[in-house]
Asks: 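My questions will all concern the structure given below.
These values consider heavy atoms only, across backbone and side chains, with no hydrogens, waters or symmetry-generated copies.
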There are 2 protein chains.
Amino acid sequence: MASKFPVLEVFGPTVQGEGMVVGQKTMFVRTAGCDYSCSWCDSSFTWDGSAKEDIRQLTAEQIWDELQETGGDRFRHVTISGGNPALLKNLGEFTQFLKQKDIRIALETQGSRYQPWFLEIDDLTISPKPPSSLMKTDFHRLDEIIEILREAGRLSHVSLKVVIFDEADLRYATDVHKRYPDVDFYVQVGNDDTTTYDDAALKDALLAKYEWLIDQVSASSELNHVRVLPQLHTLVWGNKRGV
Amino acid sequence: MASKFPVLEVFGPTVQGEGMVVGQKTMFVRTAGCDYSCSWCDSSFTWDGSAKEDIRQLTAEQIWDELQETGGDRFRHVTISGGNPALLKNLGEFTQFLKQKDIRIALETQGSRYQPWFLEIDDLTISPKPPSSLMKTDFHRLDEIIEILREAGRLSHVSLKVVIFDEADLRYATDVHKRYPDVDFYVQVGNDDTTTYDDAALKDALLAKYEWLIDQVSASSELNHVRVLPQLHTLVWGNKRGV
Ligand code: SF4
Ligand code: SF4
């Protein structure tokens, strides 16, 4: 019998605002549930119970139907986000479904779990969480995941991304980059006000922090093969959901 | 004897604000001279004579020395920009020099000339100019360039980028994408006020136009495998040079 997956949102087409395929035209599928509870999580509604009534249990085919209803023929790329979609053991049923339709797939996870269907993801972002999140990275697990992907020849489809709020986070990011020097590496400005409606102030604050992060990375000889990005969607839409 | 190249600026490290390696930490080398004169050129000082006194004739080794003086050990990536650096037949002396130092190289050109040293560029952006530029694209030439790069197995190192100011530009971009469907394709918001010092107004205008461009691309079934980006450096620094 077909597995069901807890889906919170299906929306798009819009553009990916972050990471290795920043700017990519894509549809989003957001799954519910996370094994972390980052202090600054910008999608805590996926795990804190506040959007419990919006979770629907859908099969791969039902998600696909909804993607088509929403996106028509205006997409060839789907981003699976969470929460942590890597909690969903059978999500390979969905990724295989998308592959059959010749859709490229992006997925982001914090790297706390491996799933065999990672090997089917075209743009896999692993985003271990820095000290400001108050979470603790299991580096043995992360080593294992990266090693499997390396052995499978998938590293060209993989990137590491660390969100940066402060200098301690940047030191953590530097350590991550040195631990996995052959994996494409991204640092991203953190948004520490995920509830404000004052979009103008939020944009200014994020651009000022982006400039700070560029300065920090520019000054470091340990962060040379690095890409530094803001969250484009937050610059355009503030904290609005579903865009 | 070593060739000399007309160099206008050497600066960095900073981040690449546009295109296929947006966010990449990099040094910039800007060469003088262009065979185009786009109506909205944001670096017209490279060809309109206004910065004539700043042009220095430097050998590959002299440029490298200057990169090291400025960037120290804080870079592994160099972006060559212009003007149109593809006017410089012997620039391969410089790209080979960088390769020997294990430096990754990005270069942007509008696609009016081919040079054999294109095959050594890690991130080659070809940016044909849309109608609003008032320039005319030589598509036979562009076909030839893309074909050589395809034959040489370099397409994974190549992208096409079109700057968009209006709907006519977007139609042009759609035609370019359909002509070369296997080449990674980027559209970028144009900056039509390259002289203003009112950074706040410029940012707001660029973000509004970015949102417009996202909406246009989202609505098109001919622009699915596409990435849509703003100019990050203009959002952060306005029209300031050398950042
Ligand atoms: S891992 Fe991601 S979804 Fe989970 S709590 Fe942290 S930021 Fe939120
Ligand atoms: S091709 Fe580039 S440098 Fe030359 S005029 Fe056009 S925008 Fe300016």
Asks: Could you list each N or O donor-acceptor pair linking chain B to chain A at a distance under 3.5 Å?
Replies:
from	atom 1	to	atom 2	distance (Å)
B/P13	O	A/S218	OG	3.0
B/M20	O	A/R227	NH2	3.4
B/V22	O	A/R227	NE	3.0
B/V22	O	A/R227	NH2	3.0
B/G23	O	A/V228	N	2.7
B/K25	N	A/V226	O	2.9
B/K25	NZ	A/V217	O	2.7
B/K25	NZ	A/S220	O	2.7
B/K25	NZ	A/L223	O	2.9
B/K25	NZ	A/N224	OD1	2.9
B/D73	O	A/N224	ND2	3.1
B/R74	NH1	A/S218	O	3.1
B/F75	N	A/N224	OD1	3.3
B/E211	OE2	A/W237	NE1	3.0
B/V217	O	A/K25	NZ	2.8
B/S218	O	A/R74	NH1	3.1
B/S218	OG	A/P13	O	3.1
B/S220	O	A/K25	NZ	2.7
B/L223	O	A/K25	NZ	2.9
B/N224	OD1	A/K25	NZ	2.8
B/N224	OD1	A/F75	N	3.3
B/N224	ND2	A/D73	O	3.1
B/V226	O	A/K25	N	2.9
B/R227	NE	A/V22	O	3.0
B/R227	NH2	A/M20	O	3.4
B/R227	NH2	A/V22	O	3.0
B/V228	N	A/G23	O	2.7
B/W237	NE1	A/E211	OE2	3.0

Asks: What part of B/A219 is in contact with chain A, defined as an atom under 4.5 angstrom from a non-hydrogen atom: side chain, backbone, both or neither?
Replies: backbone

Asks: Check each atom of A/V187 against the heavy atoms of chain B and say whether the ones under 4.5 Å are side chain, backbone, both or neither.
Replies: neither

Asks: Taking side chain as everything from C-beta outward and backbone as N, CA, C, O, which of these in A/M20 sits under 4.5 Å from a heavy atom of chain B? Side chain, backbone, both or neither.
Replies: backbone

Asks: The test is side-chain contact (heavy atoms from CB on, under 4.5 Å); show your working for A/V226 and B/V15 and say whether it passes.
Replies: CA-CA 9 Å; A/V226 166; B/V15 296; over 6 Å; no

Asks: With only heavy atoms counted, which part of B/L235 is less than 4.5 Å from chain A, the side chain, the backbone, both or neither?
Replies: both

